[in-house]
Chemist: 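Sharing a structure below in structure tokens format, with a few things to ask.
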Protein chains: 2
Amino acid sequence: MAALAGVSTGTASKALNGRGALRPETRQRVQQAAEQLGFVANAAARSLQTGRTYTVGMITTDSIGRFSIPLLIGAEDALGAGQMSVFLCDARDDPIREQYYLRTLLSRKVDGIIVTGRRTQARAPIGVGLPVPVVYAFISSADPRDCSVVPDEIDGARRAVQHLLAVGRRRIAHVTGPEHHHSATVRARATAETLAAEGLQPAAPTLYGEWSEAWGRQAAGILLSTGADVDAVFCGSDQIARGLVEGMQAAGRSVPADVAVVGFDNWDVMVDGCRPALTSIDMDLEGIGRSAAELLLATINGNPVHGRQTRPCRLVPRASTAV
Amino acid sequence: MAALAGVSTGTASKALNGRGALRPETRQRVQQAAEQLGFVANAAARSLQTGRTYTVGMITTDSIGRFSIPLLIGAEDALGAGQMSVFLCDARDDPIREQYYLRTLLSRKVDGIIVTGRRTQARAPIGVGLPVPVVYAFISSADPRDCSVVPDEIDGARRAVQHLLAVGRRRIAHVTGPEHHHSATVRARATAETLAAEGLQPAAPTLYGEWSEAWGRQAAGILLSTGADVDAVFCGSDQIARGLVEGMQAAGRSVPADVAVVGFDNWDVMVDGCRPALTSIDMDLEGIGRSAAELLLATINGNPVHGRQTRPCRLVPRASTAV
DNA sequence: ATGAAAGCGCTAACAT
DNA sequence: ATGTTAGCGCTTTCAT
């Protein structure tokens with residue numbers, strides 16, 4: 001290729017990378033030759049020389065899914081601008097696999113690693129004294145020195161409750177996932193505290209169950225059969241909320257007239273599929289992914305950021321809480 | 001590291017890669033030294049030497065989502081066994097982005113490329129005369145010489161109809177997505193042909209609409225208001241099917257007693273969320289991904305496979321068609 | 001059974 | 001402004 005352009009390889013390198021002091025016409029001649037031959041620089045050789053790969057690894061500890069994808073897209077967004085690519089590794093909640101992928105990423109000399117998962121709960125650091133920076137996204141690291149970007153679930157729950165209060169509801173119940181699940185307890189506590197701050201009691205004790213529509217339907221039955229006086233329910237997930245709406249309707253209650261309902265996740269297929277469309281809390285997963293990638297870039301570029309960063313949630317009002 | 005083990009770099013390389021003729025004790029000593037130092041071979045240097053990267057690129061033309069993920073997991077499965085990793089690139093349906101990623105992958109000297117997308121329709125080849133093998137998964141290439149792995153949607157539709165016949169239904173309607181959508185028309189035609197082969201007419205003309213629950217609900221209304229005599233509906237997607245079930249129930253029809261319903265995709269959150277649980281057609285996306293990766297590996301290893309490979313679908317019976 | 005040395009394709013420092 | 005050259009870290013002949 002350098003031969004075709006009639007220059008040395010060194011000159012060609014400078015021409016293609018916009019470095020050095022070259023005559024514009026030389027630069028152009030090289031670019032033309034590269035074009036003509038479909039030449040693309042060998043990234044491996046470049047990495048070997050420069051020590052940078054312009055690649056970051058992303059390890060999702062839980063199986064790739066609804067949460068990982070927006071995180072990935074957000075990260076790609078932030079990294080794509082810097083011409084960097086993402087290596088996605090699905091560890092499937094298996095520590096062996098996780099360490100295997102970690103080794104793979106290290107052998108590939110990625111410039112950094114983003115660790116994500118399905119739960120927001122803090123997890124053991126993926127490694128100590130690693131030769132590359134690591135940022136945790138959505139999940140956080142148990143080591144407070146590590147950099148983590150997580151949704152502010154307390155903020156999310158607060159927004160949900162305050163929205164229900166704003167549309168005039170006072171007898172608010174909370175239905176959520178398993179009690180041993182971090183998100184469930186965090187959101188439940190924030191719900192209770194927000195109500196308490198307004199001088200209100202929950203309309204019923206928090207109902208813990210599964211993250212499923214079936215549980216939402218069941219929970220509707222429980223609320224009605226215990227005769228709880230409820231005019232709104234904040235649910236820990238959109239699936240629970242959708243099930244609950246169906247359960248309420250099956251029992252002759254109208255949503256939102258009799259009972260207003262707020263979900264959590266703002267998962268399109270759930271909020272749109274629900275009749276009426278579901279008001280929900282959006283954790284802005286893309287934003288979290290973007291933010292994590294930006295912090296990783298900062299660290300790579302020598303401006304390390306430490307600690308747990310939280311990002312606010314957003315309420316998306318829809319018909320299920322319309323006044 | 002070689003120094004720690006007291007050998008030359010050449011010997012160390014042989015020890016770690018299980019090549020050459022070494023004394024077992026030497027081999028062990030090197031492995032120990034590597035362990036101790038947390039040494040991992042630099043993949044870039046290795047690639048430079050061997051010309052192989054043990055990496056394949058995966059370009060999804062549509063935004064990463066419900067279809068791409070199982071395909072990716074299947075591909076990872078097949079490739080992981082061979083110690084290969086996957087570079088996931090989301091071209092977001094943008095040809096510019098797609099070509100950009102193609103260049104990136106080529107510069108990274110991936111051993112092969114898998115191209116996927118959200119639609120099964122044939123697409124223009126991603127490039128011609130590429131220096132690496134390419135396999136299309138789920139989508140197919142318009143060039144019949146290219147290797148593509150696609151679901152046999154005709155088979156899927158046939159299984160759906162035959163299942164409905166097997167549970168005693170005769171007045172079968174079909175509700176599906178947009179008429180300009182390849183999958184919609186292919187499945188509709190196969191539905192009609194399967195019925196015809198049994199000497200039956202569709203209970204109503206095919207209803208084309210959107211891939212949404214809302215359309216399913218609406219379609220139920222249309223079927224009922226036109227007075228069509230229907231005892232079963234095969235829907236082009238699980239979302240449509242779920243909406244249709246709700247619409248039928250809202251109009252006082254019982255599923256499956258009055259109307260049996262079959263969906264398409266076997267998407268867990270839809271089939272489980274639906275009451276009654278939804279019988280559906282599974283395209284085995286993971287299998288398609290795995291298959292594509294295996295064919296890619298074969299091609300990389302010098303046994304190229306050409307042409308469009310179809311893979312059968314699977315019917316998963318649930319309560320919505322229970323007898 | 002092991003070591004020495006060449007070279008993969010590129011970049012960067014230095015020479016011209 | 002351009003060419004020359006020495007490595008980056010590994011694998012792989014070829015000697016020993």
Side-chain angles (χ1 to χ4, degrees), chain A residues 1-55 83-85 103-111 131-132 300, chain B residues 1-55 83-85 103-111 131-132 300:
Chain A
M1 186 283 286
L4 198 160
V7 297
S8 73
T9 64
T11 307
S13 169
K14 286 167 204 155
L16 260 26
N17 297 300
R19 258 183 283 269
L22 301 192
R23 276 218 310 276
E25 56 194 80
T26 311
R27 206 174 285 272
Q28 198 167 352
R29 193 149 34 88
V30 174
Q31 278 162 352
Q32 228 158 3
E35 189 83 25
Q36 190 177 329
L37 271 59
F39 172 91
V40 236
N42 182 327
R46 174 179 288 159
S47 303
L48 197 53
Q49 166 66 24
T50 61
R52 286 216 36 188
T53 52
Y54 293 91
T55 304
Q83 307 269 305
M84 303 187 65
S85 322
R103 284 179 63 88
T104 304
L105 292 177
L106 292 180
S107 93
R108 286 172 190 274
K109 292 280 180 286
V110 293
D111 295 334
V132 294
I300 290 171
Chain B
M1 186 281 285
L4 198 160
V7 296
S8 74
T9 64
T11 306
S13 168
K14 286 167 204 157
L16 259 26
N17 297 299
R19 259 183 282 271
L22 301 192
R23 278 217 310 275
E25 56 194 79
T26 310
R27 206 173 286 270
Q28 199 168 350
R29 192 150 36 88
V30 173
Q31 277 162 353
Q32 227 158 2
E35 189 82 26
Q36 190 178 329
L37 272 59
F39 173 89
V40 235
N42 182 325
R46 174 178 287 159
S47 303
L48 197 52
Q49 168 66 25
T50 62
R52 286 215 36 188
T53 52
Y54 293 91
T55 304
Q83 307 268 306
M84 304 187 66
S85 320
R103 285 179 63 89
T104 304
L105 292 177
L106 292 180
S107 93
R108 286 172 191 274
K109 292 280 181 285
V110 293
D111 295 335
V132 295
I300 290 170

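Nothing here was measured: the structure is a model prediction, and the numbers come from that model. Here is how names work: the chains are called A, B, and so on, in the same order as the sequence lines, proteins then strands, and each is numbered from 1.
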Chemist: Looking for any heavy atom pair under 4.0 Å, which part of the strands does B/Ala41 touch: base, sugar-phosphate only, or nothing?
Modeler: sugar-phosphate
Chemist: Please give, in whole Å, the distance from D/dT11 P to B/Arg52 CZ?
Modeler: 14 Å
Chemist: Minimum heavy-atom separation for B/Phe39 to B/Leu16, with atom names?
Modeler: CE2-CD2, 3.8 Å
Chemist: Rounding to a whole Å, what distance do you find between B/Arg19:CZ and D/dT11:P?
Modeler: 7 Å
Chemist: Counting the atoms with a prime plus P, OP1 and OP2 as sugar-phosphate, which does B/Ser47 contact under 4.0 Å by heavy atoms, base, sugar-phosphate, or nothing?
Modeler: nothing
Chemist: Which residue, B/Thr50 or B/Ser8, contacts DNA chain C at a nucleotide closer to its 5' end, judged by nearest heavy atom?
Modeler: B/Ser8
Chemist: Taking atom types as modelled, find out whether A/Ser85 and B/Arg108 have a side-chain donor-acceptor pair closer than 3.5 angstrom.
Modeler: yes
Chemist: Given atom CG of A/Asn42 and atom C1' of D/dC8, what is their separation to the nearest angstrom?
Modeler: 13 Å
Chemist: State whether the number of non-hydrogen atoms from other residues, nucleotides or ligands found under 6.0 Å of A/Arg103 atom CZ is greater than 12.
Modeler: no
Chemist: Measure CG/B/Leu48 against P/C/dA6 and give the value in whole Å, please.
Modeler: 17 Å
Chemist: B/Lys14 has an atom NZ; how far is it from atom P of D/dG9, in whole Å?
Modeler: 20 Å
Chemist: Both A/Ala45 and B/Arg23 contact DNA chain C. Taking the nearest nucleotide for each, which residue is further toward the 5' end?
Modeler: B/Arg23
Chemist: Is the phosphate of D/dG3 approached by A/Thr11 (side-chain N or O, under 4.0 Å from OP1 or OP2)?
Modeler: yes
Chemist: So A/Arg46 and A/Asn17, side chain to side chain contact (heavy atoms under 4.5 Å, CB included) or not? Walk me through it.
Modeler: CA-CA 11 Å; A/Arg46 174 179 288 159; A/Asn17 297 300; 3.3 Å; yes
Chemist: Would you kindly give the CD-to-C1' distance between A/Gln49 and C/dC10, to the nearest whole Å?
Modeler: 7 Å
Chemist: Rounded to whole angstroms, how far apart are CZ on B/Phe39 and C1' on D/dG9?
Modeler: 8 Å
Chemist: I need the CZ-P distance between A/Arg46 and D/dG9, as an integer number of Å.
Modeler: 18 Å
